[in-house]
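I have placed the structure first, in the form of structure tokens, so that the comments after it can refer back to it.
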Protein chains: 2
Amino acid sequence: MTITEVSKKFGLSPDTLRYYERIGLIPRVNRNESGIREYTEEDCKWIEFIKCMRSAGVQVETLIEYVTLLQQGDTTIEARKQILMEQRDKLISRIEEMNRALARLNFKIEQYEARLVPVENKLKRLAHNI
Amino acid sequence: MTITEVSKKFGLSPDTLRYYERIGLIPRVNRNESGIREYTEEDCKWIEFIKCMRSAGVQVETLIEYVTLLQQGDTTIEARKQILMEQRDKLISRIEEMNRALARLNFKIEQYEARLVPVENKLKRLAHNI
DNA sequence: CCTTGACTTGGAGTTAGCTCCAGGTTCTAA
DNA sequence: TTAGAACCTGGAGCTAACTCCAAGTCAAGG
């Protein structure tokens, strides 16, 4: 696959794909005779994983660390597992944080919906503070 | 309350609190005779709300828009509700995205836990690609 | 043969959201 | 009454993660 195909497939710009490769987040992609990137199935699978983690907020640096360990072979299995577990914990707390915010938004929206409109002034405090 | 007290209470640095006020994310806080900020209960409630939204990833710009509308009174109620609903939708899709990433992390970790260690090479593909 | 368009590289620029700093004032405790 | 801590303001600096750009290569169509 060419870079534009991969770009369209995953919704990452060609610039981003090149950038990811440059910083070591994606292992070096093979080039054809004239130096143009030719993405393999394997490359795509990895990119999809990266896309998934990035869009969940996992830091680029962490993912680089992970791919680096991966390339070092079986001796790094424990370290990799550690990273995954750390990221899982972080993800869980961020999800909890977001659920709290969501509950709050829902409450506020309900206030607006319960024809709060005409008595907004009176109930302003209540509506804003929970 | 002084700025350091508020800072400690919400885990936002004094610099951040001043910054938020400067950009209009927090309405102007009253100063005492010698120009030092004196946060009211009201200020604190607002800051807590902002903190909650920010830590869920709601953009500063969006929150500024919201507080601006709020200060313009009852004529902006519909617009405010609109913002809240947009943010709720965004939040929901981000939570979904994060749950997908979480499921994936959990799967990978399980692979590592199921004594994948000795057969890592054989199952490498499976472990990485889902 | 020549132009067009997609690709290459290395490096510079951009954006959001803080974070730090200099230079100045004011409160607090010895 | 003086040293030091905490505060003020305006502005500069920083970090993460892209995003854009210039200058060059190459394949394909007219």
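In what follows, chains are A, B, ... by sequence order, proteins preceding strands, each numbered from 1. No experiment lies behind these values; they were computed from the predicted model shown.
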Task: Side chains of A:Pro14 and A:Ile3 in contact at under 4.5 Å (non-hydrogen atoms) - done: yes
TODO: For A:Ile3 and D:dT19, give me the distance from atom CD1 to atom C1', rounded to whole Å.
DONE: 13 Å
TODO: Nearest-nucleotide wise, let me know which of B:Arg22 and B:Asn32 is further upstream toward the 5' end of DNA chain C.
DONE: B:Arg22
Task: Side-chain N or O of A:Thr4 closer than 4.0 Å to phosphate OP1/OP2 of C:dA6 - done: no
Open item on the list: Using 30° and 60° as the class boundaries, would you call the ring planes of A:Trp46 and A:Tyr66 parallel, tilted or perpendicular?
Closed with: parallel
Open item on the list: With a 4.0 Å cutoff (strictly under), does any side-chain N or O of B:Thr2 reach OP1 or OP2 of D:dA6?
Closed with: no
Open item on the list: Output the rounded distance in Å from CZ (A:Arg28) to P (C:dT9).
Closed with: 7 Å
Open item on the list: Please check if the number of heavy atoms outside B:Lys90 that lie under 6.0 Å from its NZ is greater than 12.
Closed with: no
Distances under 3.5 Å only, N/O to N/O: pair up the protein atoms with those of nucleotides 14-18 of chain D.
unit_1	atom_1	unit_2	atom_2	d
D:dC18	OP2	A:Tyr20	OH	2.8
D:dC18	OP2	A:Arg54	NE	2.9
D:dC18	OP2	A:Arg54	NH2	3.2

Open item on the list: Rounded to whole Å, please give me the gap between CD1 in B:Ile23 and P in C:dG17.
Closed with: 8 Å
- [ ] Please say which of A:Ile64, A:Ile77, A:Ile83, A:Thr75 ends up in a side-chain contact (heavy atoms from CB on, under 4.5 Å) with A:Leu69.
- [x] A:Ile83
TODO: Grab the CG-P distance between B:Leu63 and C:dG17 for me, whole Å please.
DONE: 9 Å
Open item on the list: Contact between A:Arg18 and A:Arg37 at the side-chain level, heavy atoms closer than 4.5 Å - yes or no?
Closed with: yes
Open item on the list: With hydrogens left out and only the distance checked, is there a donor-acceptor pair under 3.5 Å joining B:Arg18's side chain and the base of D:dG10?
Closed with: no
Open item on the list: Check the phosphate of C:dT8 against A:Arg37, side-chain N and O only, distance under 4.0 Å to OP1 or OP2. Yes or no?
Closed with: yes
Task: Path from B:Val29 to B:Ile36 over hydrophobic side-chain contacts below 4.5 Å - done: no
Task: Value in whole Å for how far the P atom of D:dA6 lies from CG of B:Asp15 - done: 14 Å
Open item on the list: Measuring to OP1 and OP2 of C:dT8, would you say a side-chain N or O of A:Arg31 lies under 4.0 angstrom away?
Closed with: no
Open item on the list: Measure CD/A:Glu33 against P/D:dT25 and give the value in whole Å, please.
Closed with: 18 Å
Task: Length of the line joining B:Met1:CE and D:dC7:C1', which is rounded to integer Å - done: 17 Å
Open item on the list: Could you tell me how far apart B:Ile36 (CD1) and C:dG24 (C1') are, to the nearest whole angstrom?
Closed with: 13 Å
- [ ] Taking the side chain as every heavy atom from C-beta outward, state whether B:Arg31 and B:Glu38 have any atom pair closer than 4.5 Å.
- [x] no
